[in-house]
**Q** 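Quick one: the structure is below, questions incoming.
Convention: sequence-line order gives letters A, B, ...; per-chain numbering from 1. Just so you know, these numbers use all the heavy atoms, side chains as well, and skip hydrogens, waters and symmetry mates. As the structure is a prediction and not an experimental result, all values here were calculated from the model.
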Protein chains: 2
Amino acid sequence: MLSTFQINYRSDEPIYQQIYNEVLMEISLGLLLPQEKLATVRELAMTLGINPNTVSKAYQLLEQNGYIYSAVGKGSFVADCSEQLAGLKERTLRHLDKDLRTARDLGVPAEDVRSLVDAAYNEGGKSNA
Amino acid sequence: MLSTFQINYRSDEPIYQQIYNEVLMEISLGLLLPQEKLATVRELAMTLGINPNTVSKAYQLLEQNGYIYSAVGKGSFVADCSEQLAGLKERTLRHLDKDLRTARDLGVPAEDVRSLVDAAYNEGGKSNA
DNA sequence: TAAATTGTACTAATTGATATAATACAATCA
DNA sequence: TGATTGTATTATATCAATTAGTACAATTTA
């Protein structure tokens, strides 16, 4: 199960995207393991106080990208998605590269950026170092 | 003047936002200096082949944020915006910080990230190191 | 077998952002 | 005076996001 989080209605990020990212992050962090059952569409919709269609949209995107699989009457489950996660890391690196060059073009000093990197990787994140 | 660039219609980034970012980057890089005249709303609209309202929206946003100033009958000009640029750098750092922690949570190795930083700052960008 | 659960599909409707189009106005410049 | 310029307005069109309601088929549960 899991997926106990809050929706940010002030964010410009669509609700279905927030759900997508949250579930994906929980899988990536190992908080959700392969074959583990996710909250049902209606459950999560009730918990978050939103429309089941919105949850369904997030789940369908996750399934399209190979992170979960679903079956009518059964529910949705975490897939074996190590390869997909590897691809995600690559795309994340490309995204980071773009942002780094933007920061550089704006005149952000390299030392400031390196300090950020050190901080992010020393403070340690949500475990699983 | 300046602002000779191409609009990316395939991008999910709105046109007015692309104009905003382009002008802001040219100011940040010193390609446009304080008190320098920008292309007029109609000029830039003609050059880019878009509606003047779209250019106007970008310019109005730039003015609201203190990067340029406009006057009817005169035109639009680069403002003294060193403080605004300093604030922009801070926000860029915060944005970068968020992305770095996301990458970390996804399991991207620190060394991979540090390589990106080195590459971005060694290859050198659009001059003004 | 019957009833409840579940993912999915579909239509309709609303809202907001984006963009174009066509004017119009007031201030400025030549 | 006449052209230029930023700005404002109104109307229109498109698209994404979301809600709402309903329904269906497969599965599980009792």
**Q** In whole Å, what is the span from the CG atom of A:Leu44 to the P atom of C:dT5?
**A**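 Rounding to the nearest Å, CG of A:Leu44 and P of C:dT5 are 17 Å apart.
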**Q** Would you kindly give the OH-to-C1' distance between B:Tyr9 and C:dT20, to the nearest whole Å?
**A**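 Value for this atom pair: 11 Å.
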**Q** Spell out, as yes or no, whether a donor-acceptor pair under 3.5 Å connects the side chain of B:Asn65 to the backbone of B:Tyr67.
**A** no
**Q** Whether B:Ser56 contacts D:dA8 is assessed here as follows: a side-chain N or O lying under 4.0 Å from the phosphate OP1 or OP2. Is that the case?
**A** no
**Q** Which value, rounded to the nearest 0.5 Å, describes the distance between A:Lys98 atom NZ and A:Leu96 atom CG?
**A** 12.0 Å
**Q** Given atom OH of A:Tyr20 and atom P of D:dA17, what is their separation to the nearest angstrom?
**A**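 It works out to 14 Å between those atoms.
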**Q** Please check if the side chain of A:Ser28 supplies one atom and the backbone of A:Leu24 the other of a donor-acceptor pair under 3.5 Å.
**A** no
**Q** Determine, step by step, whether A:Arg101 and A:Asp97 satisfy the side chain to side chain contact (heavy atoms under 4.5 Å, CB included) criterion, reporting the C-alpha distance in whole Å, the side-chain angles of both residues, the deciding distance to 0.1 Å, and the verdict.
**A** CA-CA 6 Å; A:Arg101 290 166 193 278; A:Asp97 186 54; 3.0 Å; yes
**Q** For D:dT4, does either OP1 or OP2 sit under 4.0 Å from a side-chain N or O belonging to B:Lys74?
**A**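 Answer no for this pair, as no side-chain N or O of B:Lys74 is under 4.0 Å from OP1 or OP2.
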**Q** Is the phosphate of C:dT20, meaning OP1 or OP2, less than 4.0 Å from a side-chain N or O of B:Thr54?
**A** yes
**Q** Classify the nucleic acid contact of A:Gln17 as base, sugar-phosphate or nothing, counting any heavy atom under 4.0 Å across all strands shown.
**A** nothing
**Q** Counting just side-chain N and O atoms, does A:Ser70 come under 4.0 Å of either OP1 or OP2 of C:dT6?
**A**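 No, outside the criterion.
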**Q** What integer distance in Å separates A:Asp12:CG from C:dG16:P?
**A**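 Whole-Å distance recorded here is 16 Å.
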**Q** How is B:Glu63 classified with respect to the nucleic acid when contacts are heavy atoms under 4.0 Å: base, sugar-phosphate, or nothing?
**A**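 B:Glu63: backbone/sugar contact only, no base atoms under 4.0 Å.
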**Q** Quick one: which of D:dT18, C:dT18, C:dT6 gets closest to the side chain of A:Tyr16?
**A** D:dT18
**Q** What is the separation between atom CG on A:Leu61 and atom P on C:dG7, rounded to the nearest whole Å?
**A**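 After rounding, the reported distance stands at 16 Å.
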**Q** Using heavy-atom distances to pick each residue's nearest nucleotide on DNA chain D, tell me which of B:Gln60 and B:Glu43 is more 5'.
**A**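 This one resolves to B:Glu43.
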**Q** How close or far is atom P of C:dA22 from atom CZ of B:Arg42, stated in whole angstroms?
**A** 14 Å
**Q** Between atom OH in B:Tyr59 and atom P in C:dA19, what is the gap in whole Å?
**A**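 It works out to 16 Å between those atoms.
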**Q** Has B:Glu22 got a side-chain atom pairing as donor or acceptor with B:Phe5's backbone, closer than 3.5 angstrom?
**A** no
**Q** Nearest-Å distance, CD1 (B:Ile15) to C1' (C:dT20)?
**A**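 Atom CD1 in B:Ile15 sits about 10 Å away from atom C1' in C:dT20.
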**Q** Would you say the side chain of A:Asn53 and the base of C:dG7 hold a donor-acceptor pair, judged only by whether the two atoms sit under 3.5 Å apart?
**A**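 Answer no: no donor N or O sits under 3.5 Å from an acceptor.
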